[in-house]
A.B. asks: 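Just passing along the structure, written as structure tokens.
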There are 2 protein chains.
Amino acid sequence: MKHPTPNAAPDAAPAPDAKSAARRPIPPQFGMDQALWAAWLYYEDGLKQDHIAEQMGISRASVFNLLQKARDEGIVTIAIDPTRIARADLALRLSAATGLSECFVLPAGNSTASLHEQIGHLGARVLENRLGETEVIGVAWGRTVMRLSQLLTPMQRPNVTVAQITGSSAATFDFSPVLCTSNIAERLNARCVNLHAPGVVSTPAVKDILMAEPSIHQHFDLLRQCTMTVFGVTHLIGPTLLVQGGFMSQAEMQVYIDKGAIGFASGHFFDIAGNPVRSEFDDRHITMSHDELLNVPRRICVGGGLPKVGAICGMLRNRLANVLVTDEATAHAVLAEYAKG
Amino acid sequence: MKHPTPNAAPDAAPAPDAKSAARRPIPPQFGMDQALWAAWLYYEDGLKQDHIAEQMGISRASVFNLLQKARDEGIVTIAIDPTRIARADLALRLSAATGLSECFVLPAGNSTASLHEQIGHLGARVLENRLGETEVIGVAWGRTVMRLSQLLTPMQRPNVTVAQITGSSAATFDFSPVLCTSNIAERLNARCVNLHAPGVVSTPAVKDILMAEPSIHQHFDLLRQCTMTVFGVTHLIGPTLLVQGGFMSQAEMQVYIDKGAIGFASGHFFDIAGNPVRSEFDDRHITMSHDELLNVPRRICVGGGLPKVGAICGMLRNRLANVLVTDEATAHAVLAEYAKG
DNA sequence: AGTCATCACTGGCACATGTCAATGACGTTT
DNA sequence: AAACGTCATTGACATGTGCCAGTGATGACT
């Protein structure tokens, strides 16, 4: 009889309601969200939920719900300064050895969550922290990137553009380029620009035709303005997702492997020494070019797991990333690999 | 026998310590601050303090202490998105009426804290949120600015410069220009540039000489690069702090009042219509010029209280501020004043 | 060497918070 | 118009947190 929004019209407003004692002595009509008010009183004024409930004329449980809503919606942000994590000496040593400009290493907690989950989590924090008012973010795809997108704190970034780096795969991943991109844009309340083209086409000629298409061409113009890219990294050993997911055939993959490729990231293959590995597949793959990628100032790679160590080393030597988010075990292994040669 | 830092050398390391059950199964040696680790597990992984204590091999109370340290030191930041507060319709209407680019209105809680305290608090949040990696912040002085400086969250901003807008007053305020400036710089871990000159000198000639002095000249060159200014606002009615604090004499003040001045902010007087009010005092006052101030992109004024309403209106019309942080009652009053004429 | 001050850590209690099933209002369907 | 589903809200209970005084270790001073 008091709560259902401040439109107190229905119940005779001036009615000297029985136990009205402390009932909304200040019917706030705050013009602002109740959750915001509660959050302010709780987090900034340090009041207890009891007091807030009393002041707002609602139950304490409702205050709790409002606070939770405030956290969920990003009205209140609880953030750990990721630069502190980078400072951890492991990260520092890794940066020094590889030439990364920044490196974030996940503490080796006993967390039960999957590695993708955990690295995506840390990656989300890093992305948020590195995010300016105005950005153009190029997004590739992958399981970790997908988790990252889901773990971003909702925020208002109307001047940020999130663009898809690579064509939409025909395959049905649950972490497709389209999903990764739109998820991130949604969380940031940013402009979402999908690439309305297949990821791989049948002949180079088709690629040429598509690339000449104004709408596609325009998209790649946008990509050249990227201020950051976000992507995962894949190794090629065993039954990889690239083949399993239907992104490419085993035969196509084998060509790269035969040429010495060890990994794949943001649309390009490379060997363990960091040299690009190319094949005719590249001429049919619709994605941002290698040179263009290297022109992006901040290139964030999220990924870890021991099988990926070789791929990560190759990618780092290839310079595709200058920011790496990974886990402790992988960081150690990469460091060892670099020490080796 | 376990806690005093991880240099576990003293107690025979391999000793099969009696109740060693869960004793630091992972003596982390994290290379990183324990507080950081605890904060990560608590705020990001959502573990309970009990679990964390177990994992880290310390008592729960210590975990609590670590978390508090993490909050105190700014490792963990809990922030309310101030843009939401700006969105509150009162703030919106005020922005629309006055031409402010942003406006933040303090919720009218029943807080017992002083108005300076509360507005300083909100101002601190606004400043933090608007702070880029690289800034030059010009700081004036006042009680509210002082509170703001004390309520800033500690953070690392090595590329920020905090510069004093106005000469150091001979008077002994507990909120002098020097203190306001150095406090803010300290909190931000930014470069602090004080103005080593008196605020008011005896004759215009002395001012001219000082202004020609290389070190002073250089300071004003720096001030011209300000990306934001932070200041309070004073009314001139009754025994004002300007006179009481010994900043200027009652006679000097009276000249301004006789000319119609109603307020004073960031070193300049103005009337209720927003016209600058000048006197010979200005020629002896060592401070950033009015024109230079108006060239600063973001000009944040913190202040409220009904006696200041006239002064705030004048200041807004004078354009000295384009961002205002105030309380609800004052906001209403200012809005009413604008509606009037 | 002995004494004292300081500091970090902890046990345990009082209190604050998180959770959940029950409640009642409202809108929708038959 | 009655029956139903949905949703926000709540009271009461189970946990988790905040705090303080007590303890032992360390280092400084006499």
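These values consider heavy atoms only, across backbone and side chains, with no hydrogens, waters or symmetry-generated copies. Note on naming: letters A, B, ... go to the chains in the order of the sequence lines (proteins, then strands), and numbering restarts at 1 for each one.
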A.B. asks: Figure out the CZ/C1' separation between R60(B) and dT15(D), and round it to whole Å.
C.D. replies: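 Atom-to-atom, R60(B) to dT15(D), this comes out as 11 Å.
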
A.B. asks: Please state how far atom CG in D72(A) lies from atom P in dA8(D), giving the value in whole angstrom units.
C.D. replies: 13 Å

A.B. asks: Considering non-hydrogen atoms only, spot the tightest contact between A331(A) and L94(A) and give its length.
C.D. replies: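 Shortest heavy-atom separation between A331(A) and L94(A) comes out as CB-CD2, 3.8 Å.
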
A.B. asks: Identify which nucleotide among dG18(C), dA16(C), dC9(C) has an atom closest to any side-chain atom of S62(B), counting heavy atoms from C-beta outward.
C.D. replies: dC9(C)

A.B. asks: Less than 4.5 Å apart, side chain to side chain, heavy atoms only: is that true for Y42(A) and L47(A)?
C.D. replies: no

A.B. asks: Which nucleotide sits closest to the side chain of S59(B): dG12(C), dT10(C), dT19(C)?
C.D. replies: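 Among dG12(C), dT10(C), dT19(C), the one nearest the side chain of S59(B) is dT10(C).
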
A.B. asks: Which nucleotide, dC9(C), dG18(C), dA16(C), lies nearest any side-chain atom of R71(A)?
C.D. replies: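 So the nucleotide nearest the side chain must be dG18(C).
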
A.B. asks: Mind running side chain to side chain donor-acceptor pair (under 3.5 Å) on T161(B) and E135(B) for me, showing each step along the way?
C.D. replies: CA-CA 6 Å; T161(B) 300; E135(B) 300 274 357; over 6 Å; no

A.B. asks: Between P on dT17(D) and CG on L66(B), what's the gap in Å once rounded to a whole number?
C.D. replies: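 Distance check: L66(B) CG to dT17(D) P gives 14 Å.
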
A.B. asks: In whole angstrom, what separates Q68(A)'s CD from dT10(D)'s C1'?
C.D. replies: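 Value for this atom pair: 16 Å.
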
A.B. asks: May I have the distance from L67(A) (atom CG) to dT19(C) (atom P), rounded to whole angstrom?
C.D. replies: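 Whole-Å distance recorded here is 13 Å.
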
A.B. asks: Does Q49(B) have a side-chain nitrogen or oxygen under 4.0 Å from the phosphate oxygens OP1 or OP2 of dG18(D)?
C.D. replies: yes

A.B. asks: Check this for me: does any side-chain nitrogen of one of R84(B) and D81(B) sit under 4.0 Å from a carboxylate oxygen of the other?
C.D. replies: yes

A.B. asks: Decide, yes or no, whether a salt bridge links E102(A) with R130(A) under the criterion of side-chain N to carboxylate O below 4.0 Å.
C.D. replies: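 Here E102(A) pairs with R130(A) in a salt bridge, since their nearest N and O are under 4.0 Å apart.
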
A.B. asks: Nearest to the side chain of F64(A), heavy atoms from C-beta on, is which of dG18(C), dG11(C), dT17(D)?
C.D. replies: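 Of dG18(C), dG11(C), dT17(D), dG18(C) is nearest to the side chain of F64(A).
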
A.B. asks: Measure the distance from CG on D50(A) to C1' on dA12(D) and round it to the nearest whole Å.
C.D. replies: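 The answer, rounded to whole Å, is 14 Å.
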
A.B. asks: Tell me whether the OP1 or OP2 atom of dA16(C) has a side-chain N or O from Y42(A) closer than 4.0 Å.
C.D. replies: no

A.B. asks: Of the candidate nucleotides dT10(D), dA16(C), dA12(D), which contains the atom at the shortest distance from the side chain of K48(A)?
C.D. replies: dA16(C)

A.B. asks: Using heavy-atom distances to pick each residue's nearest nucleotide on DNA chain C, tell me which of N65(A) and H51(A) is more 5'.
C.D. replies: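 Per heavy-atom nearest nucleotide, the more 5' residue is H51(A).
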
A.B. asks: Without decimals, in angstroms, what is the distance between L47(A) CG and dC15(C) P?
C.D. replies: 18 Å

A.B. asks: Rounded to whole Å, please give me the gap between CD1 in I58(B) and C1' in dT10(C).
C.D. replies: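 So the CD1-C1' distance, I58(B) to dT10(C), works out to 11 Å.
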
